[in-house]
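Below you'll find the structure, written out as structure tokens, and then a few comments.
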2 protein chains.
Amino acid sequence: MAKASDRAYETIRAMILSGELESGDQLGEEALAERCGVSRTPIREALRRLESELLVRRTDSQRSFVADWSLDDVADAFELRAMLEGYAARRAAERMTPEALERLRSINARVRVAVRATKPDVDGFLDGNRDFHALILDTASSRRLSGLLGALIEQPVVWRTAQHYGREAFQRSHSEHEDLLAAFARRDGDWAESVMRGHIRRAFHAYSDAHRGLASLDLGAA
Amino acid sequence: MAKASDRAYETIRAMILSGELESGDQLGEEALAERCGVSRTPIREALRRLESELLVRRTDSQRSFVADWSLDDVADAFELRAMLEGYAARRAAERMTPEALERLRSINARVRVAVRATKPDVDGFLDGNRDFHALILDTASSRRLSGLLGALIEQPVVWRTAQHYGREAFQRSHSEHEDLLAAFARRDGDWAESVMRGHIRRAFHAYSDAHRGLASLDLGAA
DNA sequence: CGAAGATGTATTGTATACAAAACGGGGAAG
DNA sequence: CTTCCCCGTTTTGTATACAATACATCTTCG
């Protein structure tokens, strides 16, 4: 059975990603311990871990809160992702095997179906997208790189707004994955890095547009 | 007074950086607790922190060891540093203030003295170098970037071999800092990023050369 | 002689109790 | 009315005890 601290970590993380805990909410150890059914000891460990992943912020006086992200923060995170995942794509291209390439193709075929449906299958897209990027990172085989990127991918604020992407954003993303596959097939690191950087940067613009749209909706509702 | 867990963190970190604890040494919580004069609780916290900074490695069965770095690992870390510090230099150039620029110049003047002495002042060089890079990172003002780079800078294996750099390596490093100052003065982000990348990559080559030298010395002694 | 299994020992995981520090509210002084 | 301080409450930090797990050694069997 998994350790209690691991379960606590997963539980709290899920509560943050799902939005059950909102940005700025205080994370009292006692309260979390009760919710997770464990003592404070494993909770403390889970909080330190989430803090190192930037999902949790601690004040000077050691109190923990759900991290809040300004648009600048998000832009910053995406730019870092663009560089690091660009590097990952380069390494992956240099280390690409026929098996990994085949798996990437099959993942992307799944995404194609999700994207081309009359009503785009958002969850299907997100799952395929995650698998695609994860396999690239895995093929890059740098534990250090994986560690750094782990802190940046799957930020709640990011993928929750993907729900509001337009159809063309999904389709563009899919076709950029096809470009990556071509670069991988030729084992062309320069090309793969360049495509991946553009891919991530355009993803930020899609996020940014969707976010602006949401913000004006909020204003309209207020 | 600082927290016991902070003191434990500093103590263990110093023991690793100084070489008192060597690569591969096991870090038993009980033993460390005794050495630091605290209980296991703050030690556990310190170990998690050091682990997230990659100074400590944990096995599948949760035992902690001083991390060991293969040459590939070091190359990997330097390449990541090259990209991230390149980005830091770009942001710093865009955000440069007259005050920060002046401080960078004065730091580099100190380094010049250390480097040009008849017998190069290695500690003086390392201190100045660290301050120089730290101030750039600070000027870049991205907490996320600082967090990621924190895990990569000041790795023991790196700066301990700086002791064996040749005089020309020190001087080249110093003159590259001058180039960076010029880029900062013009607020030229592209230039600063490019110079910084080359700077870090050449630092790796200097490390790599010194390391090869040491390896043959070891072989000669055996 | 080698390999698989059992057992004692070392090490980590968790719960709990208490100590220390930070926050918040209410009251007194200006 | 505002500001500062005091004190009760809340929250975090540390020590300790015990439970669970992993490791190493020795034994036993093939």
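Lettering of chains follows the sequences in order, A, B, ..., and the numbering in each one begins at 1. Excluded from the calculations below are hydrogen atoms, water molecules and symmetry mates; all remaining heavy atoms, backbone and side chain alike, are included.
Under a 4.0 Å N-O distance rule, the pair A/Arg103/A/Asp131 does not qualify as a salt bridge.
For the pair A/Arg187 (side chain) and A/Glu94 (backbone), a donor-acceptor distance under 3.5 Å is present.
Rounded to whole Å, the distance from CZ on A/Phe65 to P on C/dA22 is 14 Å. Between A/Asp6 atom CG and D/dA20 atom P there is a gap of 17 Å when expressed in whole angstrom units. For B/Glu34 and D/dT14, the CD to C1' distance is 17 Å, given to the nearest whole Å. Rounded to an integer number of Å, the gap from B/Tyr9 OH to D/dG13 P is 17 Å. Between the C1' atom of D/dT16 and the CD1 atom of B/Ile43 lies a distance of 15 Å, rounded to the nearest Å.
The two residues B/Ala100 and B/Thr139 have their closest heavy-atom pair at CB-OG1, 4.1 Å.
Relative orientation of the B/Phe170 and B/Tyr165 rings is tilted, given thresholds of 30° and 60° on the angle between their planes. Ring geometry for B/His133 versus B/His177: interplanar angle over 60°, hence perpendicular rather than tilted (30 to 60°).
Residue B/Thr41 has no polar side-chain atom (N or O) positioned under 4.0 Å from OP1 or OP2 of D/dT14. Contact check, A/Ser5 against C/dT14: a side-chain N or O comes under 4.0 Å of OP1 or OP2.
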Any chance you could list the contact pattern along nucleotides 7-12 of chain D? Use B for base contacts, S for sugar-phosphate-only contacts and - for none, protein heavy atoms under 4.0 Å, 5' to 3'.
-> ----SB
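For the pair A/Asp76 and B/Arg91, the minimum side-chain heavy-atom distance is below 4.5 Å.
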